[in-house]
Amino acid sequence: VVAIATTVPPLDPEDLKFFTAARLRAARLQPYLSTALFAMVPVVRPGYGTFGVDRWWRVYLDMDVARDWGVAATAGVLVHEAHHLVRDHHGRADRLKVRLDQARLWNLAGDAAINDDLVADDLPRPDRGIYPESLGLPPNGFEEAYFRQLVARRNTTAHETCGSGSGNVAAPGEIEDEPEQPGGDGIDDIDAVAIRRAVAHDVMVASRRGDAVSPGLARWARDLMSPQVPWRRLLRSTVGASVRAVTTRAHPDWSRPSRRADANLDLLRPGRRFHRPDVAVVIDTSASMSKRLLDAAATELNGLLHRSGIREVTVVVCDAEALRAQRVRRLGDLRLVGGGGTDLRVGITAAASIRPTPSVIVVLTDGDTPWPRSAPRGTTLIAVVIGGSELPKGPGIVSVRIDEP
Ligand SMILES: [Zn+2]
């Protein structure tokens with residue numbers, strides 16, 4: 001009889017009792033993390049020196065160290081390790097193309113972001129000293145931003161690894177088998193996605209109920225549950241599609257007779273010409289709007305129009321006092337100073353009355369305005385709403401929201 005060694009041996013009764021107590025306490029500290037905490041597969045590793053996770057949701061436990069910490073602080077460490085997994089630090093390191101020699105810095109960035117949140121939640125934990133401020137980083141930051149700053153500074157802070165689950169290189173003693181291999185207990189990528197979504201859902205429910213949820217985790221949950229198409233891509237595809245639709249619509253043009261007409265002068269046919277759309281841009285300069293986003297939107301739109309072969313656009317600036325229409329070559333050249341309190345329908349009507357009638361009217365606004373029920377006749381109205389307001393709907397109206405990243 002050949003005994004097949006299981007790579008994940010069961011915990012002995014005493015370790016199991018301690019681990020179970022710590023895990024229950026962790027689940028009470030952050031109830032919305034329960035799904036993740038109870039999905040983690042404990043692996044006892046004497047001499048490991050600390051706790052760590054691998055990318056398959058196995059949590060490596062040095063139980064001697066844990067007993068020194070005590071149940072309360074161990075619960076805090078389990079929460080920390082679960083955060084590495086829930087926030088997908090392993091996958092994000094891949095997507096960010098973190099090099100092997102930078103993995104340590106990515107681990108640091110993840111620890112700083114996690115611990116920043118745990119401090120905000122007032123969680124007990126042994127002090128590993130990795131916080132944004134101890135690394136000279138601003139609070140409430142994203143892991144990716146922390147990482148870039150640490151790389152730029154060639155940070156040399158010594159730090160114990162949190163394992164491959166944190167996006168670091170595998171710690172000594174990590175099980176190499178994937179979850180589906182015999183004895184390779186763990187969570188595969190598909191289950192991990194489901195667990196993350198369950199946690200994000202629970203975080204949002206808790207947050208709506210008014211429970212204490214650290215800001216970083218709330219932001220993470222919101223992003224996961226409402227994946228946003230980057231607005232630049234959305235704007236490009238929306239404006240691009242409208243411009244293309246007009247450009248490729250061939251118009252009969254009697255000033256350029258078809259060459260086939262030469263053969264039969266009795267039958268004069270119109271030539272066909274591809275129409276370059278006239279584009280008007282209505283800009284709302286209300287004071288509440290993010291100037292940075294407005295500039296970003298104008299710059300993006302400008303590049304877009306130029307690439308589509310549109311050299312000049314008519315801009316209607318709507319502020320509190322007046323409507324001003326002008327032909328410009330570069331949207332970025334406009335000085336947009338705030339006013340506000342304008343009914344943009346007036347600006348849209350003004351844009352539609354320009355001759356020749358623009359086929360595309362783009363509106364840049366914070367959305368704090370009444371909208372027409374439909375696009376003006378013969379035009380496509382593209383509403384670029386800067387900030388969180390509701391998007392207008394109606395025949396001929398296409399909406400894009402531009403938000404903080
Ligand atoms: Zn860590």
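Order of appearance sets the numbers: ligands from 1, and atoms from 1 within every ligand. For the single chain, residues carry numbers from 1 onward in sequence order.
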Note to self: Checking one value in my table: which N/O/S atom of H84 lies closest to the Zn ion (ligand 1)?
What the structure shows: NE2
Next item on the list: Evaluate the criterion side-chain hydrogen bond (donor to acceptor under 3.5 Å, both in side chains) for residue pair R377 and T379; output intermediate values, then yes/no.
Entry: CA-CA 6 Å; R377 258 180 90 86; T379 74; over 6 Å; no
Next item on the list: Using a strict 4.0 Å threshold on nitrogen-to-oxygen distance, state whether R209 and D202 make a salt bridge.
Entry: no
Checklist line | E144: partners by salt bridge (Lys or Arg N to Asp or Glu O under 4.0 Å), with sequence neighbours left out | finding: R92
Note to self: Strictly under 2.8 Å, is the Zn ion (ligand 1) approached by any N, O or S atom of C162?
What the structure shows: yes
Margin query: Working to 10°, measure the angle at the Zn ion (ligand 1) formed by atom NE2 of H80 and atom OD1 of D111.
Written below: 90°
Notebook entry, point to check: Which pair of non-hydrogen atoms, one from G49 and one from V65, has the smallest distance, and what is that distance?
Noted result: O-CG2, 3.5 Å
